[in-house]
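Below is one structure, written out as C-alpha coordinates; the observations come after it.
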There are 2 protein chains.
Amino acid sequence: MEEQRPAERNAVTPVVLGLLSLAPRTGYEIKQVVDRSTRNFWAASYGQIYPELRRLEAAGLIAGQDVPTGGRRRRLFRLTPAGRQALIEWLMGRETTIELRDESLLRLFFADAAPLELGLGLLEARQRGHEYQLGVLRSLAELPGNDPQFVELVLRWGIAFHEWGARWCQEERARIAAGTESAA
Amino acid sequence: MEEQRPAERNAVTPVVLGLLSLAPRTGYEIKQVVDRSTRNFWAASYGQIYPELRRLEAAGLIAGQDVPTGGRRRRLFRLTPAGRQALIEWLMGRETTIELRDESLLRLFFADAAPLELGLGLLEARQRGHEYQLGVLRSLAELPGNDPQFVELVLRWGIAFHEWGARWCQEERARIAAGTESAA
DNA sequence: TAGTGCATGTAATGCGTTACATGATTTC
DNA sequence: GAAATCATGTAACGCATTACATGCACTA
(Lines give C-alpha, C1' and ligand atoms only; values in the text may rest on other atoms or scores of the structure.)
Protein backbone atom coordinates (compact mmCIF):
# COMPACT_ATOMS: atom_id res chain seq x y z
CA MET A 1 0.00 0.00 0.00
CA GLU A 2 1.33 3.41 -0.99
CA GLU A 3 1.72 5.90 1.79
CA GLN A 4 0.20 9.33 1.55
CA ARG A 5 2.93 11.97 1.45
CA PRO A 6 1.66 15.32 2.66
CA ALA A 7 4.85 17.21 1.96
CA GLU A 8 7.58 14.69 2.74
CA ARG A 9 9.93 17.25 4.08
CA ASN A 10 13.57 16.50 4.74
CA ALA A 11 16.44 18.36 6.34
CA VAL A 12 16.97 20.87 3.52
CA THR A 13 13.31 21.60 2.83
CA PRO A 14 12.99 24.38 5.42
CA VAL A 15 16.29 26.00 4.43
CA VAL A 16 15.26 26.18 0.78
CA LEU A 17 11.76 27.44 1.52
CA GLY A 18 13.06 29.86 4.13
CA LEU A 19 15.78 31.37 1.97
CA LEU A 20 13.40 31.72 -0.96
CA SER A 21 10.97 33.50 1.37
CA LEU A 22 13.58 36.23 1.71
CA ALA A 23 14.45 36.51 -2.00
CA PRO A 24 14.35 34.51 -5.25
CA ARG A 25 17.57 32.63 -5.79
CA THR A 26 19.36 29.98 -7.86
CA GLY A 27 20.55 26.73 -6.33
CA TYR A 28 24.09 28.00 -6.45
CA GLU A 29 23.13 31.17 -4.59
CA ILE A 30 21.26 29.19 -1.97
CA LYS A 31 24.41 27.24 -1.25
CA GLN A 32 26.44 30.47 -0.99
CA VAL A 33 23.99 32.07 1.40
CA VAL A 34 23.77 28.94 3.55
CA ASP A 35 27.55 28.89 3.85
CA ARG A 36 27.56 32.47 5.07
CA SER A 37 24.58 32.29 7.38
CA THR A 38 22.90 29.10 8.62
CA ARG A 39 25.92 26.85 8.10
CA ASN A 40 26.89 27.10 11.74
CA PHE A 41 23.63 25.65 12.99
CA TRP A 42 22.16 24.04 9.86
CA ALA A 43 24.35 22.95 6.96
CA ALA A 44 23.33 21.97 3.43
CA SER A 45 25.27 20.68 0.42
CA TYR A 46 24.76 20.70 -3.35
CA GLY A 47 23.94 17.01 -3.22
CA GLN A 48 20.87 17.90 -1.20
CA ILE A 49 19.94 21.30 -2.60
CA TYR A 50 19.60 20.55 -6.31
CA PRO A 51 17.45 17.42 -5.99
CA GLU A 52 15.35 19.22 -3.40
CA LEU A 53 14.73 22.17 -5.72
CA ARG A 54 13.31 19.84 -8.35
CA ARG A 55 11.23 18.01 -5.79
CA LEU A 56 9.78 21.21 -4.33
CA GLU A 57 9.00 22.54 -7.78
CA ALA A 58 7.18 19.33 -8.69
CA ALA A 59 5.22 19.69 -5.43
CA GLY A 60 4.27 23.26 -6.36
CA LEU A 61 5.94 24.86 -3.36
CA ILE A 62 8.46 26.79 -5.43
CA ALA A 63 8.47 27.96 -9.04
CA GLY A 64 11.56 28.08 -11.23
CA GLN A 65 12.21 30.11 -14.32
CA ASP A 66 15.14 30.04 -16.71
CA VAL A 67 17.14 33.24 -16.50
CA PRO A 68 20.30 32.51 -18.49
CA THR A 69 23.30 34.84 -18.30
CA GLY A 70 24.44 34.90 -21.88
CA GLY A 71 24.93 31.29 -22.87
CA ARG A 72 25.19 30.11 -19.29
CA ARG A 73 22.05 28.43 -18.11
CA ARG A 74 20.62 29.63 -14.87
CA ARG A 75 17.42 28.78 -13.04
CA LEU A 76 15.91 31.17 -10.55
CA PHE A 77 13.44 29.90 -7.97
CA ARG A 78 10.80 31.79 -6.04
CA LEU A 79 8.40 30.75 -3.31
CA THR A 80 4.78 30.09 -4.29
CA PRO A 81 1.86 30.86 -1.93
CA ALA A 82 1.64 27.12 -1.22
CA GLY A 83 5.33 27.17 -0.40
CA ARG A 84 4.90 30.06 2.01
CA GLN A 85 2.10 28.16 3.66
CA ALA A 86 4.34 25.09 4.00
CA LEU A 87 7.07 27.25 5.51
CA ILE A 88 4.69 28.67 8.09
CA GLU A 89 3.44 25.21 8.97
CA TRP A 90 7.01 24.13 9.56
CA LEU A 91 7.59 27.23 11.70
CA MET A 92 4.63 26.19 13.84
CA GLY A 93 5.87 22.60 14.12
CA ARG A 94 6.15 20.95 17.49
CA GLU A 95 9.06 18.52 17.25
CA THR A 96 12.45 20.14 17.12
CA THR A 97 15.73 18.34 16.50
CA ILE A 98 18.78 19.70 18.26
CA GLU A 99 22.04 17.84 17.86
CA LEU A 100 25.52 18.82 18.88
CA ARG A 101 28.84 17.21 18.04
CA ASP A 102 31.52 19.06 19.95
CA GLU A 103 34.89 17.35 20.06
CA SER A 104 36.29 20.10 22.25
CA LEU A 105 33.80 19.27 25.00
CA LEU A 106 34.50 15.57 24.56
CA ARG A 107 38.22 16.18 25.07
CA LEU A 108 37.52 18.21 28.19
CA PHE A 109 35.29 15.42 29.45
CA PHE A 110 38.16 12.93 29.28
CA ALA A 111 40.93 15.30 30.32
CA ASP A 112 41.29 13.62 33.71
CA ALA A 113 43.28 10.91 31.91
CA ALA A 114 46.13 13.37 31.29
CA PRO A 115 48.19 15.84 33.35
CA LEU A 116 46.32 18.94 34.49
CA GLU A 117 48.22 21.23 32.13
CA LEU A 118 46.71 19.42 29.18
CA GLY A 119 43.22 20.08 30.47
CA LEU A 120 44.04 23.74 31.00
CA GLY A 121 45.39 23.85 27.47
CA LEU A 122 42.13 22.42 26.17
CA LEU A 123 40.19 25.15 27.95
CA GLU A 124 42.48 27.77 26.50
CA ALA A 125 42.11 26.32 22.99
CA ARG A 126 38.35 26.29 23.37
CA GLN A 127 38.42 29.91 24.45
CA ARG A 128 40.47 30.84 21.39
CA GLY A 129 37.95 29.02 19.20
CA HIS A 130 35.14 31.11 20.65
CA GLU A 131 37.14 34.29 20.17
CA TYR A 132 37.83 33.41 16.57
CA GLN A 133 34.15 32.77 15.80
CA LEU A 134 33.35 36.00 17.57
CA GLY A 135 35.59 37.89 15.17
CA VAL A 136 33.90 36.30 12.16
CA LEU A 137 30.39 37.06 13.38
CA ARG A 138 31.22 40.59 14.48
CA SER A 139 32.57 41.46 11.06
CA LEU A 140 29.40 39.99 9.58
CA ALA A 141 27.30 42.17 11.85
CA GLU A 142 29.20 45.28 10.84
CA LEU A 143 28.48 44.73 7.17
CA PRO A 144 26.20 47.41 5.69
CA GLY A 145 22.62 46.58 4.78
CA ASN A 146 20.09 45.70 7.41
CA ASP A 147 18.73 42.21 7.78
CA PRO A 148 15.17 41.28 8.76
CA GLN A 149 14.82 41.38 12.53
CA PHE A 150 14.87 37.64 13.18
CA VAL A 151 17.83 37.08 10.91
CA GLU A 152 19.60 39.76 12.91
CA LEU A 153 18.38 38.16 16.14
CA VAL A 154 20.06 34.87 15.29
CA LEU A 155 23.27 36.67 14.41
CA ARG A 156 23.10 38.36 17.80
CA TRP A 157 22.58 34.94 19.34
CA GLY A 158 25.80 33.71 17.77
CA ILE A 159 27.75 36.68 19.02
CA ALA A 160 26.32 36.43 22.53
CA PHE A 161 26.95 32.69 22.60
CA HIS A 162 30.62 32.99 21.72
CA GLU A 163 31.07 35.86 24.14
CA TRP A 164 29.55 33.74 26.86
CA GLY A 165 31.59 30.70 25.87
CA ALA A 166 34.88 32.58 25.86
CA ARG A 167 34.11 34.12 29.24
CA TRP A 168 33.17 30.75 30.69
CA CYS A 169 36.48 29.22 29.59
CA GLN A 170 38.37 32.15 31.05
CA GLU A 171 36.60 31.86 34.39
CA GLU A 172 37.01 28.11 34.65
CA ARG A 173 40.70 28.38 33.86
CA ALA A 174 41.10 30.89 36.68
CA ARG A 175 39.06 28.67 38.96
CA ILE A 176 41.18 25.59 38.29
CA ALA A 177 44.42 27.53 38.54
CA ALA A 178 43.31 28.92 41.90
CA GLY A 179 42.40 25.45 43.15
CA THR A 180 45.80 24.12 42.14
CA GLU A 181 47.65 26.85 44.06
CA SER A 182 45.84 26.26 47.33
CA ALA A 183 46.43 22.50 46.98
CA ALA A 184 50.15 22.99 46.38
CA MET B 1 49.16 0.07 -2.72
CA GLU B 2 47.98 -0.52 0.82
CA GLU B 3 47.83 2.51 3.04
CA GLN B 4 49.50 2.57 6.42
CA ARG B 5 46.91 2.83 9.18
CA PRO B 6 48.41 4.27 12.34
CA ALA B 7 45.27 3.98 14.45
CA GLU B 8 42.44 4.62 11.99
CA ARG B 9 40.30 6.32 14.53
CA ASN B 10 36.67 7.09 13.91
CA ALA B 11 33.98 8.99 15.77
CA VAL B 12 33.46 6.43 18.55
CA THR B 13 37.13 5.64 19.15
CA PRO B 14 37.71 8.44 21.67
CA VAL B 15 34.46 7.77 23.52
CA VAL B 16 35.32 4.10 24.00
CA LEU B 17 38.90 4.78 25.01
CA GLY B 18 37.86 7.66 27.23
CA LEU B 19 35.12 5.79 29.07
CA LEU B 20 37.39 2.79 29.57
CA SER B 21 40.02 5.14 31.01
CA LEU B 22 37.56 5.86 33.83
CA ALA B 23 36.53 2.24 34.49
CA PRO B 24 36.39 -1.19 32.80
CA ARG B 25 33.04 -1.72 31.12
CA THR B 26 31.03 -3.93 28.76
CA GLY B 27 29.74 -2.63 25.43
CA TYR B 28 26.27 -2.46 26.89
CA GLU B 29 27.48 -0.38 29.81
CA ILE B 30 29.37 1.97 27.51
CA LYS B 31 26.16 2.66 25.66
CA GLN B 32 24.32 3.31 28.94
CA VAL B 33 26.96 5.72 30.19
CA VAL B 34 27.11 7.56 26.87
CA ASP B 35 23.34 8.04 26.96
CA ARG B 36 23.58 9.58 30.40
CA SER B 37 26.64 11.71 29.87
CA THR B 38 28.21 12.57 26.52
CA ARG B 39 25.06 11.99 24.45
CA ASN B 40 24.26 15.69 24.40
CA PHE B 41 27.50 16.63 22.71
CA TRP B 42 28.75 13.29 21.33
CA ALA B 43 26.36 10.42 20.63
CA ALA B 44 27.18 6.77 19.93
CA SER B 45 25.04 3.75 19.01
CA TYR B 46 25.39 -0.03 19.37
CA GLY B 47 26.02 -0.26 15.65
CA GLN B 48 29.22 1.68 16.20
CA ILE B 49 30.25 0.53 19.67
CA TYR B 50 30.37 -3.25 19.25
CA PRO B 51 32.37 -3.31 16.00
CA GLU B 52 34.68 -0.68 17.46
CA LEU B 53 35.35 -2.74 20.59
CA ARG B 54 36.52 -5.65 18.45
CA ARG B 55 38.61 -3.36 16.29
CA LEU B 56 40.30 -1.71 19.25
CA GLU B 57 40.99 -5.05 20.87
CA ALA B 58 42.60 -6.34 17.68
CA ALA B 59 44.72 -3.17 17.64
CA GLY B 60 45.80 -3.82 21.24
CA LEU B 61 44.35 -0.59 22.61
CA ILE B 62 41.86 -2.35 24.84
CA ALA B 63 41.74 -5.83 26.35
CA GLY B 64 38.56 -7.85 26.82
CA GLN B 65 37.86 -10.71 29.15
CA ASP B 66 34.81 -12.94 29.41
CA VAL B 67 32.98 -12.35 32.67
CA PRO B 68 29.68 -14.21 32.27
CA THR B 69 26.82 -13.66 34.72
CA GLY B 70 25.48 -17.15 35.15
CA GLY B 71 24.79 -18.43 31.65
CA ARG B 72 24.63 -14.94 30.19
CA ARG B 73 27.74 -14.08 28.26
CA ARG B 74 29.40 -10.82 29.08
CA ARG B 75 32.64 -9.28 27.95
CA LEU B 76 34.42 -6.66 30.03
CA PHE B 77 36.93 -4.33 28.42
CA ARG B 78 39.74 -2.39 29.99
CA LEU B 79 42.23 0.11 28.59
CA THR B 80 45.76 -1.10 27.86
CA PRO B 81 48.82 1.16 28.27
CA ALA B 82 48.87 1.53 24.46
CA GLY B 83 45.21 2.54 24.62
CA ARG B 84 45.92 5.16 27.26
CA GLN B 85 48.68 6.51 25.06
CA ALA B 86 46.30 6.67 22.09
CA LEU B 87 43.76 8.51 24.23
CA ILE B 88 46.33 11.08 25.29
CA GLU B 89 47.44 11.57 21.71
CA TRP B 90 43.84 12.25 20.75
CA LEU B 91 43.53 14.69 23.66
CA MET B 92 46.52 16.56 22.28
CA GLY B 93 45.11 16.59 18.75
CA ARG B 94 44.89 19.81 16.79
CA GLU B 95 41.85 19.46 14.53
CA THR B 96 38.55 19.68 16.32
CA THR B 97 35.17 19.06 14.75
CA ILE B 98 32.28 21.08 16.08
CA GLU B 99 28.90 20.68 14.41
CA LEU B 100 25.54 21.95 15.44
CA ARG B 101 22.10 21.13 14.06
CA ASP B 102 19.61 23.34 15.84
CA GLU B 103 16.17 23.45 14.29
CA SER B 104 15.02 25.95 16.88
CA LEU B 105 17.60 28.49 15.70
CA LEU B 106 16.68 27.74 12.09
CA ARG B 107 13.03 28.49 12.82
CA LEU B 108 13.97 31.75 14.52
CA PHE B 109 16.12 32.64 11.52
CA PHE B 110 13.13 32.39 9.19
CA ALA B 111 10.53 33.77 11.58
CA ASP B 112 10.24 37.01 9.60
CA ALA B 113 8.03 35.07 7.17
CA ALA B 114 5.28 34.82 9.81
CA PRO B 115 3.45 37.20 12.16
CA LEU B 116 5.52 38.52 15.04
CA GLU B 117 3.62 36.48 17.64
CA LEU B 118 4.91 33.30 16.03
CA GLY B 119 8.49 34.47 16.42
CA LEU B 120 7.87 35.37 20.05
CA GLY B 121 6.36 31.94 20.55
CA LEU B 122 9.49 30.36 19.10
CA LEU B 123 11.65 32.29 21.55
CA GLU B 124 9.42 31.19 24.40
CA ALA B 125 9.56 27.55 23.27
CA ARG B 126 13.31 27.75 23.04
CA GLN B 127 13.49 29.15 26.55
CA ARG B 128 11.35 26.29 27.85
CA GLY B 129 13.66 23.83 26.14
CA HIS B 130 16.64 25.32 27.94
CA GLU B 131 14.78 25.22 31.24
CA TYR B 132 13.88 21.59 30.74
CA GLN B 133 17.48 20.59 30.02
CA LEU B 134 18.53 22.62 33.01
CA GLY B 135 16.29 20.51 35.23
CA VAL B 136 17.75 17.29 33.85
CA LEU B 137 21.34 18.39 34.33
CA ARG B 138 20.76 19.85 37.78
CA SER B 139 19.29 16.60 39.05
CA LEU B 140 22.31 14.84 37.56
CA ALA B 141 24.62 17.20 39.42
CA GLU B 142 22.83 16.57 42.70
CA LEU B 143 23.36 12.82 42.45
CA PRO B 144 25.70 11.50 45.17
CA GLY B 145 29.19 10.30 44.27
CA ASN B 146 31.79 12.73 43.03
CA ASP B 147 33.00 12.70 39.45
CA PRO B 148 36.54 13.42 38.26
CA GLN B 149 37.07 17.15 37.99
CA PHE B 150 36.86 17.47 34.22
CA VAL B 151 33.76 15.30 34.02
CA GLU B 152 32.23 17.63 36.56
CA LEU B 153 33.51 20.64 34.63
CA VAL B 154 31.63 19.57 31.50
CA LEU B 155 28.48 19.04 33.52
CA ARG B 156 28.89 22.55 34.87
CA TRP B 157 29.29 23.74 31.30
CA GLY B 158 25.94 22.22 30.38
CA ILE B 159 24.22 23.84 33.31
CA ALA B 160 25.80 27.23 32.67
CA PHE B 161 24.97 27.00 28.97
CA HIS B 162 21.29 26.33 29.52
CA GLU B 163 21.10 29.02 32.17
CA TRP B 164 22.63 31.45 29.73
CA GLY B 165 20.39 30.30 26.89
CA ALA B 166 17.20 30.63 28.90
CA ARG B 167 18.22 34.09 30.09
CA TRP B 168 19.04 35.17 26.54
CA CYS B 169 15.61 34.10 25.29
CA GLN B 170 13.94 35.92 28.15
CA GLU B 171 15.85 39.12 27.47
CA GLU B 172 15.25 39.07 23.73
CA ARG B 173 11.56 38.49 24.25
CA ALA B 174 11.42 41.53 26.49
CA ARG B 175 13.44 43.50 23.98
CA ILE B 176 11.15 42.66 21.07
CA ALA B 177 8.02 43.26 23.12
CA ALA B 178 9.36 46.68 24.14
CA GLY B 179 10.14 47.54 20.54
CA THR B 180 6.62 46.60 19.46
CA GLU B 181 5.01 48.83 22.10
CA SER B 182 6.95 51.94 21.15
CA ALA B 183 6.16 51.31 17.48
CA ALA B 184 2.42 51.00 18.21
C1' DT C 1 44.98 31.89 -22.47
C1' DA C 2 44.94 30.47 -18.06
C1' DG C 3 42.67 30.76 -13.93
C1' DT C 4 38.83 31.83 -11.19
C1' DG C 5 34.03 32.13 -10.41
C1' DC C 6 29.23 31.07 -11.85
C1' DA C 7 26.04 27.33 -12.41
C1' DT C 8 24.00 22.71 -12.57
C1' DG C 9 24.03 18.11 -11.58
C1' DT C 10 25.07 13.21 -10.00
C1' DA C 11 27.68 9.00 -8.45
C1' DA C 12 30.24 7.20 -4.98
C1' DT C 13 31.33 7.08 -0.48
C1' DG C 14 31.03 6.94 4.23
C1' DC C 15 28.68 6.96 8.40
C1' DG C 16 25.33 6.67 12.01
C1' DT C 17 20.83 5.21 13.42
C1' DT C 18 17.11 2.01 13.51
C1' DA C 19 15.44 -2.15 13.77
C1' DC C 20 15.67 -6.57 14.47
C1' DA C 21 17.41 -11.23 16.14
C1' DT C 22 18.89 -13.95 19.93
C1' DG C 23 18.94 -15.49 24.54
C1' DA C 24 19.62 -15.27 29.60
C1' DT C 25 18.31 -13.24 34.04
C1' DT C 26 15.75 -10.57 37.24
C1' DT C 27 11.51 -8.61 38.90
C1' DC C 28 6.63 -8.28 39.74
C1' DG D 1 4.90 -16.73 33.81
C1' DA D 2 5.00 -12.20 31.76
C1' DA D 3 7.54 -8.22 31.36
C1' DA D 4 11.54 -5.68 31.85
C1' DT D 5 16.41 -5.57 31.78
C1' DC D 6 21.00 -7.27 30.68
C1' DA D 7 23.90 -8.32 26.84
C1' DT D 8 25.72 -9.04 22.18
C1' DG D 9 25.53 -8.45 17.51
C1' DT D 10 24.35 -7.23 12.56
C1' DA D 11 21.65 -5.95 8.31
C1' DA D 12 19.18 -2.48 6.24
C1' DC D 13 18.26 1.98 5.66
C1' DG D 14 18.63 6.77 5.16
C1' DC D 15 21.16 10.65 4.68
C1' DA D 16 24.82 13.99 4.02
C1' DT D 17 29.27 14.92 2.26
C1' DT D 18 32.76 14.51 -1.22
C1' DA D 19 34.22 14.40 -5.48
C1' DC D 20 33.81 14.72 -9.91
C1' DA D 21 31.90 16.07 -14.61
C1' DT D 22 30.35 19.65 -17.60
C1' DG D 23 30.48 24.13 -19.58
C1' DC D 24 30.12 29.23 -19.87
C1' DA D 25 31.84 33.94 -18.50
C1' DC D 26 34.89 37.13 -16.75
C1' DT D 27 39.50 39.01 -15.73
C1' DA D 28 44.41 39.45 -15.39
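Letters go in sequence order (proteins before strands), and every chain restarts at 1.
Direction change of the helix axis from one end of the helix from C:dT1-D:dA28 to C:dC28-D:dG1 to the other is 30°, with five pairs defining each end axis (rounded to 10°).
With a 4.5 Å cut-off on side-chain heavy atoms, A:Leu56 and A:Leu20 do not count as touching.
Between the CZ atom of B:Arg25 and the C1' atom of D:dC6 there is a distance of 16 Å, rounded to whole Å. One can place CD of B:Gln32 at 10 Å from P of D:dT8, the figure rounded to the nearest angstrom.
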Exercise for the section: Report, as a single string ordered 5' to 3', how protein heavy atoms within less than 4.0 Å touch nucleotides 7-21 of chain C: B base, S sugar-phosphate only, - not at all. Expected result: BBBB-----SBB---
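B:Thr80 places a side-chain N or O within donor-acceptor distance of the main-chain N or O of B:Leu61, the cut-off being under 3.5 Å. When atom types are taken as modelled, the side chain of B:Arg101 and the backbone of A:Ala43 share a donor-acceptor pair closer than 3.5 angstrom. Checked by atom type and distance alone, the side chain of B:Trp42 pairs as donor or acceptor with a backbone atom of B:Ala11 at under 3.5 Å.
Aromatic rings from A:His130 and A:Phe161 are positioned such that their centres are separated by under 6.0 Å.
We find that A:Arg74 and A:Glu29 are joined by a salt bridge, their nearest charged nitrogen and carboxylate oxygen being less than 4.0 Å apart.
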Problem - Residues B:Val33, B:Tyr28; criterion side chain to side chain contact (heavy atoms under 4.5 Å, CB included); working and verdict - result: CA-CA 9 Å; B:Val33 175; B:Tyr28 185 79; over 6 Å; no
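In this pair, B:Trp157 and A:Trp168 present their aromatic rings perpendicular. The plane angle is above 60°, beyond the 30 to 60° band.
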